[in-house]
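Working notes, structure below.
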Amino acid sequence: MKTIYLDNNATTAVAPEVRDAMLPYLTDLYGNPSSMHTFGGQVGRAVEDAREKMAALLGAQPEEILFTSCGSESDNTAIWSALQTQPEKRRIITTRVEHPAILNVCQYWERQGYHVTYLGVDGKGRLDLDEYAEALSEDTALVSVMMANNEVGNIYPVQRMAEMAREKGVLFHTDAVQAVGKVPFRLSETAIDMLSLSGHKLHAPKGIGVLYIRKGVRFRPFLRGGHQERGRRAGTENVPYIIGMGEAARLAAENMEAERRDVARLRDRLESGLLKAVPDCMVNGDVENRLPNTSNIAFKNVEGEAILLMLDRLGICASSGSACTSGSLEPSHVLRAMGVPFNYAHGSVRLSLSRYTTEEEVDFVIAHMPDVIKTLRALSPFKD
Ligand code: PLP
């Protein structure tokens with residue numbers, strides 16, 4: 001059975017170009033980039049070349065790029081550094097729809113005595129900038145707002161929000177794990193101070209991330225030890241993965257415009273096909289302003305997990321908007337924050353595409369979904 005992979009917000013396939021770029025560094029070129037000898041030195045130059053490619057994708061300077069192990073480490077480090085360098089400031093502002101890599105860290109700092117404001121969202125998952133303006137105070141150590149939401153794909157106005165923070169002298173961090181390569185921006189033209197991203201959402205392997213730190217922003221390392229990464233992150237560099245990340249950044253920069261257009265066209269075909277073929281369903285999120293690859297569809301009166309299991313039998317990979325916690329199916333924190341009605345939130349399925357998704361795959365899903373939903377509705381305990 002062929003796999004139809006529509007779960008690219010969970011992780012992406014490693015691009016063949018990325019794999020090929022990495023292979024020499026897993027075999028012959030195993031030197032330590034910090035070594036004095038030529039053998040290590042050539043590896044060090046390749047790491048710097050990867051840093052330049054990543055900087056070019058982000059519109060940043062190479063020295064503003066710190067390689068980490070994942071998006072979660074980048075998020076943890078950004079918050080840690082902001083709090084450690086400004087001990088007099090005891091407030092954090094974030095949103096109710098962040099990834100756990102931000103939410104759980106904020107909750108940790110809350111338990112350490114920090115005051116955290118969690119900005120709410122409306123029914124489409126949009127933030128209210130007036131509420132944000134009111135919450136912004138000079139004793140805020142950090143604002144952390146995601147550039148794009150992983151579940152519904154909403155894109156948030158982080159450039160405007162970063163300018164508002166700067167006016168108050170407040171540091172601004174964005175978790176751009178889902179946005180990089182899909183949303184064009186140049187960091188040098190924004191007021192964003194720190195940005196997190198993750199390789200495995202960008203066709204690089206799992207286990208490599210980046211934290212951008214604007215030149216001039218004070219920084220305190222999260223991992224201490226050796227002097228790697230200009231003393232900002234200890235630990236011998238994960239060379240093959242850094243090389244892969246550089247190649248993934250080069251590919252993303254080169255193809256972003258065409259990919260955005262092509263992937264959005266397929267996503268729209270999928271979404272409109274499903275809305276037409278299946279009664280009683282709706283799109284979650286802000287359809288005017290969201291990632292080109294993401295569609296989150298709520299099927300009324302069905303359980304999302306059951307939909308996933310039936311799709312899985314057809315070889316279709318997707319994610320649901322609910323998580324099985326302590327035996328009960330709770331809608332996700334994002335759908336709850338949006339106030340999506342219970343009988344829709346439960347049947348919410350996220351379909352996320354990539355540059356490798358084909359029209360045939362999309363049409364296969366459109367052809368099979370009506371039967372899946374019909375079968376499950378007949379069995380469903382939810383009724384109007
Ligand atoms: N932030 C967002 C928005 C994400 O979607 C994810 C992963 O799903 C992360 C952070 C965590 O990234 P990583 O898996 O690289 O730690």
Side-chain angles (χ1 to χ4, degrees), residues 5-14 18 54 58 65-80 94-108 118-119 121 125 127 142-156 158 161 172-183 185 192 194-212 222-223 233 235 238 241-242 244-245 248-249 252 284-286 290-296 317-323 332-335 337-338 348 350-354:
Y5 188 74
L6 296 179
D7 203 11
N8 286 280
N9 287 10
T11 197
T12 60
V14 173
V18 168
M54 180 47 72
L58 301 179
I65 304 298
L66 173 65
F67 288 113
T68 66
S69 68
C70 59
S72 301
E73 184 191 326
S74 301
D75 284 344
N76 272 269
T77 305
I79 297 175
W80 163 267
T94 187
T95 77
R96 289 178 61 194
V97 295
E98 298 297 311
H99 188 272
I102 291 290
L103 275 184
N104 288 343
V105 181
C106 286
Q107 280 159 17
Y108 167 79
Y118 299 93
L119 301 172
V121 292
L127 291 167
L142 182 71
V143 177
S144 182
V145 174
M146 66 196 337
M147 192 176 282
N149 183 269
N150 43 304
E151 290 191 31
V152 292
N154 281 17
I155 298 173
Y156 290 111
V158 289
M161 294 176 88
F172 190 94
H173 165 256
T174 185
D175 175 338
V177 165
Q178 294 291 345
V180 171
K182 300 176 200 152
V183 178
F185 57 84
I192 294 167
M194 291 187 279
L195 173 144
S196 303
L197 69 93
S198 177
H200 74 103
K201 313 287 182 174
L202 196 64
H203 301 292
K206 295 151 195 64
I208 179 78
V210 163
L211 177 64
Y212 156 87
F222 187 58
L223 266 188
R233 182 182 184 270
N238 186 356
Y241 284 57
I242 290 174
M245 183 96 241
N284 290 319
D286 182 6
R290 63 179 168 157
L291 293 172
N293 78 320
T294 307
S295 177
N296 189 308
C317 308
S319 278
S320 83
S322 51
S332 81
H333 69 285
V334 175
L335 300 181
M338 289 165 58
S348 292
R350 179 186 71 188
L351 301 158
S352 47
L353 289 66
S354 81

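Whatever order the structure lists them in is the order used to number ligands and atoms, beginning at 1. Computation of the quantities below employed the complete heavy-atom set of this structure, encompassing side-chain atoms and omitting hydrogens, waters and symmetry-equivalent molecules.
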(message) Counting C-beta onward and ignoring hydrogens, is there a side-chain heavy-atom pair between L202 and M245 closer than 4.5 Å?
(response) yes
(request) Just need the protein heavy atom nearest to atom 13 (P) of ligand 1, so name the residue and atom and give the distance. (result) G71 N, 3.5 Å
(request) Kindly say whether Q178 contributes a backbone atom to a donor-acceptor pair with the side chain of K182 at under 3.5 angstrom? (result) yes
(message) Looking at S352, is its backbone amide N or carbonyl O close enough to the side chain of N8 to form a donor-acceptor pair, meaning the two atoms are under 3.5 Å apart?
(response) yes
(request) Would you confirm whether N149, through its side chain, and N154, through its main-chain N or O, come within 3.5 Å as a donor-acceptor pair? (result) no
(request) Give the residue and atom name of whichever protein heavy atom lies nearest to atom 15 (O) of ligand 1, and the separation in Å to one decimal. (result) S198 OG, 2.6 Å
(message) T12: which residues meet the side-chain hydrogen bond (donor to acceptor under 3.5 Å, both in side chains) condition with it, sequence neighbours left out?
(response) none
(request) For atom 1 (N) of ligand 1, grab the closest protein heavy atom and report residue, atom and distance to one decimal in Å. (result) D175 OD2, 2.6 Å
(message) Please list the nearest protein heavy atom to atom 5 (O) of ligand 1 with its residue and the distance rounded to 0.1 Å.
(response) Q178 NE2, 2.8 Å
(request) State, without any angle test, whether N9 and T294 hold a side-chain donor-acceptor pair at a distance under 3.5 Å. (result) yes
(message) Looking only at protein heavy atoms, which one is nearest to atom 11 (C) of ligand 1, and what is the separation?
(response) S72 OG, 3.6 Å
(request) For N150, take its heavy atoms, then give the atoms of ligand 1 lying under 4.0 Å from any of them. (result) 3 (C), 5 (O)
(message) Can you report which non-hydrogen protein atom sits closest to atom 4 (C) of ligand 1, along with the distance?
(response) H99 CD2, 3.2 Å
(message) Return the closest protein heavy atom for atom 14 (O) of ligand 1 as residue, atom name and distance.
(response) H200 NE2, 3.0 Å
(message) Run the salt bridge (Lys or Arg N to Asp or Glu O under 4.0 Å) test against D7 and tell me which residues pass, sequence neighbours left out.
(response) R350
(request) Return the residue, atom name and 0.1 Å-rounded distance of the protein heavy atom closest to atom 8 (O) of ligand 1. (result) K201 NZ, 2.5 Å
